[in-house]
Structures are given as C-alpha cells and as structure tokens.
Amino acid sequence: QVQLEESGGGLVQVGGSLRLSCAASGRIFSSYVLGWFRQTPGKERQFVSGITWSGGSTSYTDSVKGRFTITRDNAKNTVYLQMNSLKPEDTAVYYCAARPGGGISKITIGSMNYWGKGTLVTVSP
C-alpha cells in the first residue's frame, strides 16, 4: 500500500512560480511511476507530468512543456513539480498519483493505483 500527500499549493500571480511536493509512504519500488494530474471544477482530471522512480524518465503534457519540471528524490521518497511562468489556466487542484509499473508511457487516470488528496494552485491575473 502506498500513501501520497501533496503540499506546496497556494496563491501566486501570473508569471510566478510554485513547487509542489508529493511525499510517498509505503513501499515504493524501482518500477513505480509517479505522476501529477490537475482538475478544475466541471472538468475531467488531466495528466500534467510523470516520472519513473528508477531512471528518472519524464513526460509532460504539451501545455506545460518548458515551464514545469518534474523531479524525484528517492532518499526522501518525494516527487516534486516545479512550476514556472504560471498562467491563469494553470489554476487547478493538483493531484499526485502512482502506479507500480508500466513505464513512462500512457500515464492516464485509469492507469494509476494510488492518489493523494490534492493541493490547490491559484494563479491570479
């Protein structure tokens, strides 16, 4: 069993930065894949970024490429999402998720086994 807890959300102005953290407890094996998703009211939760626990392979949705960076600290069992040049459309609840394998491809809502409770990011104009 894996538990995930997000932190680091808050209110930031357009163009600002935030770093989200996802602390994982339980057994995280090298095959695990961690991902960040986001959701706004009335819309489906969407993939933002993913990383493999072992080799650090990463993926991003097109709208955040060049602005967001996902990293992991194996020693701390933590995954980070550095968000720069934030835009109002980045406003959402951000969720951390994990699955025990499958590689970096096809990180979808349905493929993830574990979820955190989310952290709210608000980007003000």
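The first residue in the sequence is number 1, and the count goes up from there. Both backbone and side-chain heavy atoms feed into the values below; hydrogens, waters and symmetry mates do not.
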Would you say [X] and [Y] are hydrophobically clustered, going by side-chain heavy atoms of ILVMFWY under 4.5 Å?
| X | Y | answer |
| --- | --- | --- |
| Leu120 | Trp36 | no |
| Trp53 | Met112 | no |
| Val79 | Trp115 | no |

With sequence neighbours left out, write down each residue that passes ring pair (Phe, Tyr, Trp, His ring centres under 6.0 Å) with Phe47, or none if nothing qualifies.
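Counting only residues at least two positions away or on another chain, Phe47 forms a ring pair (Phe, Tyr, Trp, His ring centres under 6.0 Å) with Phe37.
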Just by modelled atom types, is the Ser59 backbone N or O under 3.5 Å from a matching donor or acceptor in the Ser49 side chain?
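Pair found, side chain donor or acceptor close to backbone of Ser59.
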Do Thr61 side-chain atoms and Val48 backbone N/O form a donor-acceptor pair below 3.5 Å?
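No, Thr61 side chain to Val48 backbone: no donor-acceptor pair under 3.5 Å.
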With ring pair (Phe, Tyr, Trp, His ring centres under 6.0 Å) as the rule and sequence neighbours excluded, what pairs involving residues 56-78 come up?
none
Could you note down all residue pairs passing ring pair (Phe, Tyr, Trp, His ring centres under 6.0 Å) where residues 5-26 supplies at least one of them, sequence neighbours left out?
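Every candidate ring pair (Phe, Tyr, Trp, His ring centres under 6.0 Å) pair involving residues 5-26 fails, so no pair, neighbours aside, qualifies.
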When rounded to the nearest 0.5 Å, the distance separating CD1 of Ile70 from CD of Gln82 is 12.0 Å
For the atom pair CE (Met83) and CZ (Arg38), what is the distance rounded to the nearest 0.5 Å?
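Atom-to-atom, Met83:CE and Arg38:CZ are 8.5 Å apart.
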Measure the shortest side-chain to side-chain distance between [X] and [Y] over non-hydrogen atoms and say whether it is less than 4.5 angstrom.
| X | Y | value |
| --- | --- | --- |
| Ile51 | Ser57 | no |
| Val93 | Glu6 | no |
| Leu34 | Cys96 | yes |
| Ile107 | Arg99 | yes |
| Val2 | Leu4 | yes |
| Tyr80 | Asp73 | yes |
| Tyr94 | Leu81 | yes |

What pair of heavy atoms forms the shortest contact from [X] to [Y], and how long is it?
| X | Y | answer |
| --- | --- | --- |
| Ser17 | Ser85 | OG-N, 4.4 Å |
| Ser21 | Thr78 | CB-CG2, 4.2 Å |
| Thr119 | Gly9 | OG1-N, 3.1 Å |
| Asp90 | Arg67 | OD2-NH1, 2.7 Å |

Going by disulfide bond (SG atoms under 2.5 Å apart), name the pairs with one or both residues in residues 37-76, residues two or more places apart or in two chains.
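Disulfide bond (SG atoms under 2.5 Å apart) check on residues 37-76 returns no pairs.
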With clusters built from Ile, Leu, Val, Met, Phe, Trp and Tyr whose side-chain heavy atoms come within less than 4.5 Å, directly or transitively, what are the remaining members of the cluster of Leu11, listed by chain and number?
none
Residue list, side-chain hydrogen bond (donor to acceptor under 3.5 Å, both in side chains) with [X], at least two apart or on another chain:
| X | result |
| --- | --- |
| Asn74 | Arg72 |
| Gln46 | none |
| Lys65 | Asp62 |

Only counting residues at least two apart or in another chain, list the ones meeting side-chain contact (heavy atoms from CB on, under 4.5 Å) with [X].
| X | value |
| --- | --- |
| Thr91 | Thr122, Val123 |
| Gln39 | Arg45, Tyr95 |
| Thr108 | Ser111 |

Side-chain atoms of residues 22-33: list all donor-acceptor pairs with protein atoms under 3.5 Å, sequence neighbours left out, distances to 0.1 Å.
residue: Ser25; atom: OG; partner: Gln3; partner atom: OE1; Å: 3.1
residue: Ser31; atom: OG; partner: Pro100; partner atom: O; Å: 2.7

Report, as yes or no, whether the 6.0 Å neighbourhood of atom CD on Glu89 holds more than 12 heavy atoms from other residues, nucleotides or ligands.
yes
